[in-house]
Engineer: 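Sharing a structure with you now.
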Amino acid sequence: MPRPGSVPRWAAAAGRWGCRLLALLLLVPGPGGASEITFELPDNAKQCFYEDIAQGTKCTLEFQVITGGHYDVDCRLEDPDGKVLYKEMKKQYDSFTFTASKNGTYKFCFSNEFSTFTHKTVYFDFQVGEDPPLFPSENRVSALTQMESACVSIHEALKSVIDYQTHFRLREAQGRSRAEDLNTRVAYWSVGEALILLVVSIGQVFLLKSFFSDKRTTITRVGS
Amino acid sequence: MAVELGVRVVRPRPGTELGGVMRALLLWLWLATPGSALYFHIGETEKKCFIEEIPDETMVIGNYRTQLYDKQREEYQPATPGLGMFVEVKDPEDKVILARQYGSEGRFTFTSHTPGEHQICLHSNSTKFSLFAGGMLRVHLDIQVGEHANDYAEIAAKDKLSELQLRVRQLVEQVEQIQKEQNYQRWREERFRQTSESTNQRVLWWSILQTLILVAIGVWQMRHLKSFFEAKKLV
């Protein structure tokens, strides 16, 4: 029988567990997220993005060039101390996963400095940690029912479907951009070539005629 | 008195009454750490544009926060009043669907009515040029599209959904987004096919025309030169 004035057993237990849980949570990196951005990179330009990441967070950087020139870009990822974690030149598509070894601001840059006149459109997806949970409350650590875990696995599967869809959309945009380029180039080239053909062939005939015309005048002069 | 094994009745010790407050504070600190917003630097008159290729009837929510570099303290201080960003959103037909001025911290929302590439452009309205003085503005940006733009806490509160119902609701929203994207994909594939067929037609007509021109030019050249040489009594 609990003595009057004392804390009920369940409240005390809850209090102890609450404190331990909180201490544990503080060690774990906070809710993360993903940033998906498509931006335009003009010629001779460099664009950098920064993000503050906590130690121990697993991050993924994925990028793809959608339109422009040879569809390639330079990419570089640095940690807070300036150490280069990833550096690739003229890459069309790549994916890089790393675990943050220290707290601080991580920086990644895309450079189009090797190109003189083509603008590029670059897509990147920077995933930091896990996605924030649906219920930002303490009791999410409690066991999930079977229905809930089924929902969670469907959610994860759908997320990967959406991810594949995005990649497909980007590839299709790239292919479409190339096809439209080809179409305009064929149009200009065929009109240009027709004109050149006409000019050259008519010019040939008149040039040839001019050779014989000069000879004729000399002959008549000599003859008379 | 408690006789069960392993359980002690804990009396609140003096000084632990603040335990609850501390716990709340720690929880707040953990949750309130700034969101994973990416940031970049933008110059005074620079305009930064982002492209979102989205199907129709999709909601897009953008959150941004700006910070100005304080030269004296050599760090980025939180927002200064008078500093604002001008946000402009154009639809695939280059029609402006949103053009508004926001403060140093803002949130813009729009829903697409036509599928395609929407362009979101940001540039600062430097009303206080002296503050800027060739420095850079740090902009934290977060753009959420479609299902990610939903605020589930709000939906749960408004429709009074249980945890399981909310999870299922999230799945329904995700599947709807996938459906919309697939429809948009079908439209895009048709456009791609039209472009390819047009290129194919152009190449076909051009090669036929080129052959005809070559033959015609050849025949004309021969006839013209023949009559020319006959006139000169060389043939």
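Chain identifiers are assigned alphabetically (A, B, ...) following the order of the sequence lines, protein sequences preceding nucleic acid strands; residue numbering begins at 1 within each chain.
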Engineer: If I take atom CG from residue A:L158 and atom CG from residue B:L171, how far apart are they, to the nearest 0.5 angstrom?
Structural biologist: 6.0 Å

Engineer: Count the heavy atoms of every other residue, nucleotide or ligand shown that sit under 6.0 Å from CZ of B:R107, and state whether that count exceeds 12.
Structural biologist: no

Engineer: Chain B: which of A:E40, A:Q165, A:Q47 shares the most heavy-atom pairs with it under 4.5 Å?
Structural biologist: A:Q165

Engineer: Less than 4.5 Å to any heavy atom of chain B: does that hold for the side chain of A:Y123, its backbone, both, or neither?
Structural biologist: neither

Engineer: Can you check whether A:I162 reaches B:Q177 side chain to side chain, under 4.5 Å on heavy atoms?
Structural biologist: yes

Engineer: Side chain, backbone, both or neither: which part of B:Q170 has a non-hydrogen atom closer than 4.5 Å to chain A?
Structural biologist: side chain

Engineer: Which heavy-atom pair separates B:L164 from A:C151 by the least distance, and what is that distance?
Structural biologist: CD1-SG, 4.1 Å

Engineer: Examine whether an atom of B:Q185 lies under 4.5 Å from a heavy atom of chain A, and if so say whether it belongs to the side chain, the backbone or both; otherwise answer neither.
Structural biologist: side chain

Engineer: Which distance, rounded to the nearest 0.5 Å, do you find between the CD of B:Q201 and the CG of A:N183?
Structural biologist: 11.0 Å

Engineer: I'd like to know whether A:F108 forms a side chain to side chain contact (heavy atoms under 4.5 Å, CB included) with B:L38, so could you lay out the CA-CA distance, the side-chain angles of the two residues, the decisive distance to 0.1 Å, and finally the verdict.
Structural biologist: CA-CA 11 Å; A:F108 57 98; B:L38 211 61; 4.1 Å; yes

Engineer: Output the distance between atom CD1 (A:I37) and atom NZ (B:K48), rounded to the nearest 0.5 Å.
Structural biologist: 11.5 Å

Engineer: Hey, could you give me the CD/CZ distance between B:E189 and A:F168, rounded to the nearest 0.5 Å?
Structural biologist: 8.0 Å

Engineer: Could you tell me which portion of A:T105 (side chain, backbone, both or neither) has an atom closer than 4.5 angstrom to a non-hydrogen atom of chain B?
Structural biologist: side chain

Engineer: Relative to chain A, which segment of B:E117 carries a heavy atom at a distance below 4.5 Å: side chain, backbone, both, or neither?
Structural biologist: neither

Engineer: Is the CH2 atom of B:W187 crowded by more than 12 outside heavy atoms at less than 6.0 Å?
Structural biologist: yes

Engineer: Nearest heavy-atom pair of B:F192 and A:A179: which atoms, and what distance?
Structural biologist: CE2-CB, 3.5 Å

Engineer: Is any side-chain heavy atom of B:R191 closer than 4.5 Å to a side-chain heavy atom of A:E180?
Structural biologist: yes

Engineer: Looking at B:E52 and A:E36, what are the two nearest heavy atoms and their distance?
Structural biologist: OE2-O, 4.0 Å

Engineer: Of all the heavy-atom pairs spanning A:S201 and B:I217, show the shortest one and how long it is.
Structural biologist: CB-CG2, 3.1 Å

Engineer: Could you tell me which portion of A:V152 (side chain, backbone, both or neither) has an atom closer than 4.5 angstrom to a non-hydrogen atom of chain B?
Structural biologist: side chain

Engineer: Which atoms form the tightest heavy-atom contact between B:K232 and A:F212, and what is the distance?
Structural biologist: CE-CB, 3.8 Å

Engineer: Between B:V203, B:L225, B:L166, which shows the greatest number of heavy-atom pairs under 4.5 Å with chain A?
Structural biologist: B:L166

Engineer: Is A:I202 close to chain B through its backbone or its side chain, or both, or neither, when contacts mean heavy atoms under 4.5 Å?
Structural biologist: both

Engineer: Do B:W220 and A:V205 have side-chain heavy atoms sitting under 4.5 Å apart?
Structural biologist: yes

Engineer: Distance check, rounded to the nearest 0.5 Å: B:S196 atom OG versus A:R176 atom CZ?
Structural biologist: 11.0 Å

Engineer: What part of B:F50 gets closer than 4.5 Å to chain A, counting heavy atoms only: side chain, backbone, both or neither?
Structural biologist: both

Engineer: Does the plane of the ring in A:Y50 sit parallel, tilted or perpendicular to the ring in B:Y39? Use 30° and 60° as the thresholds.
Structural biologist: parallel

Engineer: Pick one of side chain, backbone, both or neither for A:I154, based on which atoms fall under 4.5 Å of a heavy atom in chain B.
Structural biologist: both

Engineer: With a 4.5 Å heavy-atom cut-off, do B:R167 and A:E148 have their side chains touching?
Structural biologist: yes

Engineer: Using 0.5 Å steps for rounding, measure from the CZ atom of A:R185 to the CZ atom of B:R202.
Structural biologist: 13.5 Å

Engineer: Given a strict heavy-atom distance threshold of 4.5 Å, which part of A:K107 is in contact with chain B: side chain, backbone, both, or neither?
Structural biologist: neither

Engineer: Which bit of A:T166 is near chain B, if near means a heavy-atom gap under 4.5 Å: side chain, backbone, both or neither?
Structural biologist: neither

Engineer: Could you tell me which of A:Q204, A:E193, A:R169 has the largest number of non-hydrogen atom pairs under 4.5 Å with chain B?
Structural biologist: A:R169

